[in-house]
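There's a structure below that I have some questions on.
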Amino acid sequence: MRVLYFASLRENLGLADESINEPVLNVSELLDLLAERGQQWDEQLRQNTRLQIAVNQSLAKRNTSLSASDEVAFFPPVTGG
Amino acid sequence: MRVLYFASLRENLGLADESINEPVLNVSELLDLLAERGQQWDEQLRQNTRLQIAVNQSLAKRNTSLSASDEVAFFPPVTGG
Amino acid sequence: MIPIHISVQTEDFDVNAQMQQLRQGNSGIGAIAAFVGLVRDLNEGCKVSNMTLEHYAGMTEKSLADIAEQAKMRWSLQGISIIHRVGELQPTEQIVLVLTASAHRHAAFDAAQFIMDYLKSQAPFWKKEVTPDGARWVDARESDEKALTRWQA
Amino acid sequence: MIPIHISVQTEDFDVNAQMQQLRQGNSGIGAIAAFVGLVRDLNEGCKVSNMTLEHYAGMTEKSLADIAEQAKMRWSLQGISIIHRVGELQPTEQIVLVLTASAHRHAAFDAAQFIMDYLKSQAPFWKKEVTPDGARWVDARESDEKALTRWQA
């Protein structure tokens with residue numbers, strides 16, 4: 001699946017997008033997987049209580065299920081308008 | 001004092017403005033005076049529960065006091081905007 | 001002192017130009033709410049071919065200035081414009097413009113709505129429509145009277 | 001079917017032209033509410049020299065279209081336009097435009113406010129400001145989250 005990072009997350013993780021091939025059942029499992037990369041990833045994503053999630057460009061939650069063709073995005077609270 | 005009539009009142013009474021020289025203490029007394037002119041005046045003004053009143057270009061009530069130099073206006077509910 | 005612009009006029013108005021005038025030299029404005037009222041070609045089920053707006057000259061300007069002043073007291077605003085046309089108007093023509101400028105959107109939105117609600121029930125304008133059945137004075141809507149209650153709580 | 005116009009763009013927009021487009025050929029519109037968001041030169045006590053608006057291309061359009069669709073379901077509207085700019089913007093520049101057209105004013109006002117409230121807390125745009133202390137991501141305001149509750153009662 002494709003994973004995207006925006007705004008401060010993109011900057012702090014030093015990554016805008018990547019492909020994840022490991023099978024994960026839902027967003028929570030994807031976050032567990034990414035958190036294994038180190039403290040920065042754990043703090044910015046898994047432990048981040050204000051983390052916003054979109055799956056296939058719709059707002060989603062940690063228990064939203066995922067499949068291999070999904071597009072998942074992580075970002076901070078939005079500030080447009 | 002100067003008395004003005006607007007919109008449907010102006011049309012139904014056939015008068016846009018006039019001078020009243022009789023002394024009246026408040027709007028109610030002015031309405032009593034005008035109602036003596038006949039049924040049309042009584043109905044359009046004194047008996048009109050939706051009658052709007054302005055004294056010196058500010059919204060007023062039947063108990064608002066009047067003096068000789070005042071400008072009094074009678075009109076139906078407003079419909080601008 | 002914030003700019004307050006009030007005008008009762010027969011001429012049409014230009015929304016862009018009015019917005020520009022309101023913003024002129026003020027880079028602290030983050031939000032402008034606007035309302036434009038238009039002549040509809042249908043009212044209460046009747047075709048309207050044109051309309052005449054009568055007003056109480058002098059009191060209209062006073063009344064609009066007073067409403068703007070109340071809005072200024074209630075919200076943190078950086079500018080207010082109210083333009084209301086009078087005379088003969090055709091369907092689709094602009095009748096009224098309200099602009100409110102503020103740092104943030106809620107003040108701008110609330111103030112614009114407050115001004116329209118008070119204008120609708122207190123400013124001395126009257127509409128007379130021409131329909132296929134002849135000319136008629138537009139009836140005041142009870143809902144306009146009720147709209148004020150939300151500001152009086 | 002009412003016209004719904006959504007655009008995410010780097011170019012500026014013209015309020016008059018957008019209003020004209022929304023009204024085109026519809027003489028049943030009696031009310032247009034508009035909101036324009038502008039870049040302020042001051043935010044949370046800091047001078048802002050310019051700002052960059054990042055967005056999630058694709059999801060922004062989808063999110064705005066979805067918000068417009070919800071507004072259409074809740075109110076009797078005759079047209080909706082939402083334009084949001086992205087890229088680099090200077091103080092006093094226009095950021096966002098929301099237009100809502102209806103027969104009567106309350107639907108237009110409420111829908112415009114609803115759209116702005118949802119846009120502010122759900123559409124994936126992020127502001128980064130340049131201040132004398134360097135660049136910083138703008139913090140989301142808690143009040144924007146709270147603003148949604150009035151529509152969820």
Side-chain angles (χ1 to χ4, degrees), chain B residues 1-20 24 26-28 30-31 34 39-81, chain C residues 8 35-40 43-44 51-67 82-87 89 94-98 112-129 134-145 147-148:
Chain B
M1 71 190 62
R2 197 164 164 234
V3 182
L4 310 173
Y5 307 94
F6 289 97
S8 54
L9 289 191
R10 176 179 50 73
E11 284 187 350
N12 296 337
L13 299 173
L15 193 66
D17 65 290
E18 64 177 320
S19 284
I20 300 276
V24 286
N26 57 34
V27 174
S28 244
L30 175 59
L31 288 169
L34 296 169
Q39 197 185 339
Q40 175 78 316
W41 288 81
D42 192 21
E43 284 174 3
Q44 292 288 318
L45 298 174
R46 189 168 60 176
Q47 290 183 40
N48 181 353
T49 55
R50 303 191 74 198
L51 182 71
Q52 307 293 304
I53 303 155
V55 173
N56 299 325
Q57 309 191 346
S58 290
L59 291 175
K61 295 183 171 170
R62 288 181 189 234
N63 62 9
T64 300
S65 9
L66 294 176
S67 67
S69 60
D70 286 339
E71 175 176 298
V72 183
F74 296 115
F75 44 84
V78 304
T79 56
Chain C
V8 177
F35 179 82
V36 178
L38 304 163
V39 182
R40 297 162 64 217
N43 192 25
E44 286 166 32
M51 134 178 326
T52 308
L53 260 150
E54 178 172 331
H55 74 127
Y56 180 177
M59 181 172 166
T60 39
E61 292 82 350
K62 189 170 181 286
S63 158
L64 298 179
D66 183 56
I67 293 167
I82 309 176
I83 301 180
H84 202 296
R85 292 175 71 195
V86 291
L89 295 172
Q94 303 187 123
I95 304 172
V96 61
L97 173 70
V98 171
Q113 232 170 326
F114 172 92
I115 289 169
M116 276 308 300
D117 284 349
Y118 274 81
L119 185 158
K120 279 265 181 188
S121 73
Q122 299 199 339
F125 295 98
W126 301 273
K127 286 175 182 157
K128 190 174 192 177
E129 295 172 339
R136 64 174 184 195
W137 291 98
V138 172
D139 249 344
R141 292 157 57 96
E142 225 179 284
S143 60
D144 285 328
E145 194 58 42
L148 293 192

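To find a chain, count down the sequence lines: A is the first, B the second, and so on, and within it residues start at 1. Heavy-atom basis, side chains included; hydrogens, waters and symmetry copies ignored.
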Where the side chain of Trp126(C) meets the backbone of Pro76(B), is there a donor-acceptor pair that is under 3.5 Å apart?
->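 Answer holds: yes.
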Run the salt-bridge test on Lys120(C) and Glu145(C) with the 4.0 Å N-O cut-off and return the result as yes or no.
->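 A salt bridge is absent here (no side-chain N lies under 4.0 Å from a carboxylate O).
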Side chain, backbone, both or neither: which part of Ala57(C) has a non-hydrogen atom closer than 4.5 Å to chain B?
->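 Contact with chain B involves the backbone of Ala57(C) alone.
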No-hydrogen, no-angle side-chain donor-acceptor test under 3.5 Å, Asn43(C) and Glu129(C) =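 Glu129(C) and Asn43(C) do have a side-chain donor-acceptor pair below 3.5 Å.
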Heavy-atom contact with chain B under 4.5 Å, split by part of Ser63(C) |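 Contact with chain B involves no heavy atom of Ser63(C) at all.
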Checking Lys128(C) against chain B: side chain, backbone, both or neither under 4.5 Å from a heavy atom?
->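 Lys128(C) touches chain B through side-chain heavy atoms alone.
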Which bit of Gln52(B) is near chain C, if near means a heavy-atom gap under 4.5 Å: side chain, backbone, both or neither?
->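 For Gln52(B), no heavy atom lies under 4.5 Å from chain C.
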Hey, is the main chain of Arg46(B) close enough, under 3.5 Å, to the side chain of Arg62(B) for a donor-acceptor pair?
->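 Yes, because the side chain of Arg62(B) sits within donor-acceptor range (under 3.5 Å) of the backbone of Arg46(B).
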